[in-house]
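Read through the structure below, which is laid out as structure tokens, and then see the notes.
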Amino acid sequence: MNISINGEQRTLEDKLSLQQLISILGLENKRLAIEVNQEIVPRSEHASYTLKQDDKVEIVQAIGGG
């Protein structure tokens with residue numbers, strides 16, 4: 001399937017969960033906010049949320065600072 005991740009087109013396997021996408025991108029154990037089609041997906045739903053063809057995913061990583 002084709003999806004957009006932070007504005008970049010990617011081709012990935014069908015029926016991929018958000019948790020699997022996070023793993024593929026090497027973002028495990030990071031503080032993230034993820035939006036799919038302009039809707040925030042809570043962390044508690046990442047494992048059960050299945051991506052679909054043409055979804056638009058935005059991932060923002062929290063960076064601490066002082």
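Note: hydrogens, waters and symmetry copies are ignored here, and every other heavy atom, side chains too, is used. Index from 1, following the sequence.
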| message | Are more than 12 heavy atoms, taken from residues, nucleotides or ligands other than Glu39, located less than 6.0 Å from that residue's CD atom? | response | no
| said: Tell me every residue that passes side-chain hydrogen bond (donor to acceptor under 3.5 Å, both in side chains) with Asn37, counting only those two or more places apart in sequence or in another chain. | reply: Asp55
| Pair listing, side-chain hydrogen bond (donor to acceptor under 3.5 Å, both in side chains) test, anchored in residues 18-30, at least two apart | Ser17-Gln20, Ser23-Glu28
| query | Which ILVMFWY residues can you reach from Leu21 by hopping between side chains whose heavy atoms are under 4.5 Å apart? | reply | Met1, Ile3, Ile5, Leu12, Leu16, Leu18, Ile22, Ile24, Leu25, Leu27, Leu32, Ile34, Val36, Val41, Tyr49, Leu51, Val57, Ile59
| query | Does a side-chain heavy-atom distance below 4.5 Å link Arg10 with Asn2? | reply | no
| request: Please report the closest heavy-atom contact between Gly7 and Glu58, naming both atoms and the distance. | output: N-OE2, 3.8 Å
